[in-house]
J.: 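First the structure, then my questions, so here it is.
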Number of protein chains: 2
Amino acid sequence: MTLYENLAEAIETRIRQGLYRPGDRLPSVRSLGIEHGVSLSTVQQAYRVLEDKRLAVPRAKSGYYVPETRQVPELPQATRGTQRPVDVSQWEQVLDLMSEEPSEHLTQFGRGRPDIDSPTLKPLTRALSRFGRQQSLSGLTYGSIQGNLQLREQIARLMLDSGCQTPASELIITNGCHEALSTAIRALCVPGDVVAVDSPAFHGVMQALKGFGLKALELPTDPIEGISLEALEMALEQWPIKVLQLTPSCNNPLGYSMPDHKKRALLALAQRYDLAIIEDDVYGDLAYRYPRPRTIKSFDEDGRVLLCSSFSKSIAPGLRTGWIAPGRYYDQVLHMKYMGSGPTATLPQLAMSAFIEGGHFDPHLRRMRHLYQRSRDQMIEWVGRYFPENAKASRPEGSFMLWVELEEGFDSLRLNKLLRPKGIQIAPGSIFSAAGKYRNCLRMSYAARPTPQIEAAVREVGEVAKTLLTSHD
Amino acid sequence: MTLYENLAEAIETRIRQGLYRPGDRLPSVRSLGIEHGVSLSTVQQAYRVLEDKRLAVPRAKSGYYVPETRQVPELPQATRGTQRPVDVSQWEQVLDLMSEEPSEHLTQFGRGRPDIDSPTLKPLTRALSRFGRQQSLSGLTYGSIQGNLQLREQIARLMLDSGCQTPASELIITNGCHEALSTAIRALCVPGDVVAVDSPAFHGVMQALKGFGLKALELPTDPIEGISLEALEMALEQWPIKVLQLTPSCNNPLGYSMPDHKKRALLALAQRYDLAIIEDDVYGDLAYRYPRPRTIKSFDEDGRVLLCSSFSKSIAPGLRTGWIAPGRYYDQVLHMKYMGSGPTATLPQLAMSAFIEGGHFDPHLRRMRHLYQRSRDQMIEWVGRYFPENAKASRPEGSFMLWVELEEGFDSLRLNKLLRPKGIQIAPGSIFSAAGKYRNCLRMSYAARPTPQIEAAVREVGEVAKTLLTSHD
């Protein structure tokens, strides 16, 4: 580090520690020069660095000040949905994202990978190691098609936290939430059917709709409260909607949790129109507030909600251990699960069951919630600092995904292409829409601990985005 | 053990050791009584036990003899196929089989579980344990949707054994062969399509056809040479067949391997009618003769063969690590794999890759082939000895499944129900047919080492089958 970089960092630390508060005057160039024994031009260079970072603003003839308020990006607008059911596109873009192997040389903001370095996961790796060593009647053999009973019992217990009283006998273990969702969709729909979805929505579901020949009707979605029930009701009047699929708690990618009263109202509407609901709850356990939000399933009285979830976000994605509580559609779903892939891998089920039974799940979750919440604040701050002026950002109430909206006409696909040689990947917004909307948006994971390297990468994304906007003008 | 049981066992041992050969006269009742110091009635009781086991036959006024030739069951007849494409049924029966958790209290002849107790699997459990312990960038994180590259490279190398030169880049890792097959079927077909299959055929494929709204055309199949190409050609003339799905090497459940010249002829036919072939090779590596049979894929020149396989039978099923080499259908299949379940569990992939790279795959395979071949001979002998007179049995050329055919009208579903309270399960033949044929057949696994307990269970199956035949008359 050069002298001025050292100095800039020292001042930055003081600002972050609150020694200088918003609106405060920062030490003069002269006094800093004396204090640190450096030349005036070195101090000026240091202030230029701080200016770039928006940590210092110059006032004419008065020196440098901490900016009055740190700029917090505005919320994205409520989305508008599609006018009619559409065929799903964008597979190439999803494939691009999914083909990447984890690597130290890639800062991966694009994929939904949780932080798996926490020491609270030690008991899990120990269990994997222990069960891995055993041969007979253990991780190496087929389990039942329903999945390991002990694990299902543990999941049933965990589900009480979200208000669900679902017995183990009504759960089916799947290869992650992804298989739970696609199995549910296939069990309920035939080609040509219309599925209503929140918008933006998980690309895995979008692609499943595409693959099974279904049409997606994207519903207008508020970044704080979720899908518009009014719009849903209008759509139900107008189109033969077979299923509603949504992620109402710690939504991916928007981050909101739909309020309880709205979840109840949605269920009443579903009853009136005899609509099945596929509820993706994979991020629900990562809500920052406690108790975690209730699931729609927890209000369900006639088994019309199929709850899909997994440990991929709360624990570790490589386990591919998910589940589905299919309510009254149990038989069809079990059949479809068998057809799709047969029984689920045994070893991760045994290890997860031991991990939960040993009381390790809750402490891990508490820790991760806390870490992710701090990282959220940091990420929002960085986006405010480094991204183009009008960038808007979501306010996730859980999980580790930030949705960033740039001005109309911005091209996140081009952004991704330009970032690639720099070893950075983001998720372009268009993969979250059947119709390819949200190309001006991107989703960024903040699961990785905020380090100077991560900050540099966020800044890089912002810088490249700015050049794109300039060339776009 | 009682006196006469002890004695019977002693004589049986001598017969098995070859001290008495087929056609030999066995010691007289009198001389045995003196030799062993037991009463004549005890000797007679012992001989009755041996009679029951068909190890001794009485001749009038001449005493007991070792039967002239040990009775080897005849081969099953060639099957006849269905007259037209049919909808698939029998899900309830499959579910019954698949719902069973492994248990010490159940002798499970029904499911396709390999022997996982072999010491040659130690390096695998060590690898599972080792990778299980690691947290970062290992078994806990998502891999790419194509699957771990190192594992794909190892598989590509193994595939050379079956004559295939398929690079790692043309392979996709799946949740077992089951997902490979269902993914292939879904990638190629739309509801209403006709899929031709060997008959009997793997129930997983049958149910996949059912679930995806496809019709099955069952082809007449010879228990030594496989499907009738003449029948296939006639069917191709008559019906709009989209895909042929078959298991040509170490067929499940019939055990045959289709000869190479017939595999070539089949491929020529497929080219003439532009037919795609989904080849299930999951048992191919377990062929008793070396080199193992070539795959149809190995003769394929224009990428119309989709090869599906896994380590579920050769190594361990609980890993759920399979693969597909989809030829020219790569893009569709990869998309369908993503839609169905996302990436495959990481830890088993890492462990399998290390296991193969460490040179442990071939020794394990050699050992298992040898063990299974011996068990096959033993199982066929037991079926000859304990099953009803006219029972026919297949001559598996690999794997660990025996197909037994009883007389017309025999009900293997009832057999299974009666066996259940005795802690025994078989696979009823009807689950291997779309049309519910082969109810008079059953499939029995001989993967478990032949012990007196297993012999007793086989005998029990035979005994109950006999009572069913009697009540049926």
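Residue numbers begin at 1 in each chain, while the letters A, B, ... track the order of the sequences.
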J.: Could you verify whether a donor N or O on one side chain and an acceptor N or O on the other, from B:Thr107 and B:Gln425, lie under 3.5 Å apart?
T.: no
J.: Heavy-atom distances under 4.5 Å only: say whether B:Leu334 touches chain A with side chain, backbone, both or neither.
T.: both
J.: Is B:Val94 close to chain A through its backbone or its side chain, or both, or neither, when contacts mean heavy atoms under 4.5 Å?
T.: side chain
J.: For A:Gln207, is it the side chain, the backbone, both or neither that has a heavy atom under 4.5 Å from a heavy atom of chain B?
T.: both
J.: Do A:Thr344 and A:Gln349 get their side chains close enough for a donor-acceptor pair, meaning under 3.5 Å?
T.: no
J.: Would you please say whether a donor-acceptor pair under 3.5 Å links the side chains of B:Tyr338 and A:His203?
T.: yes
J.: Can B:Asp193 and B:Lys215 be counted as an ion pair, charged N to O under 4.0 angstrom?
T.: no
J.: Heavy atoms only, distances under 4.5 angstrom: which of A:Ala316, A:Ser341, A:Ser182 has the most pairs with chain B? Name it, please.
T.: A:Ser341
J.: Return the option, out of B:Arg111, B:Met206, B:His335, with the maximum number of heavy-atom pairs under 4.5 Å with chain A.
T.: B:His335
J.: Going by atom types alone, do B:Arg367 and B:Ser118 pair a side-chain donor with an acceptor below 3.5 Å?
T.: yes
J.: Looking only at side-chain N and O atoms, does A:Arg320 offer a donor or acceptor that is under 3.5 Å from a partner on B:Asn175?
T.: no
J.: With chain A as the partner, which of B:Lys210, B:Gln332, B:Arg126, B:Arg130 has the greatest number of non-hydrogen pairs under 4.5 Å?
T.: B:Lys210
J.: If I measure from the heavy atoms of chain A, does B:Thr183 come under 4.5 Å with its side chain, its backbone, both, or neither?
T.: neither
J.: If I measure from the heavy atoms of chain A, does B:Pro343 come under 4.5 Å with its side chain, its backbone, both, or neither?
T.: both
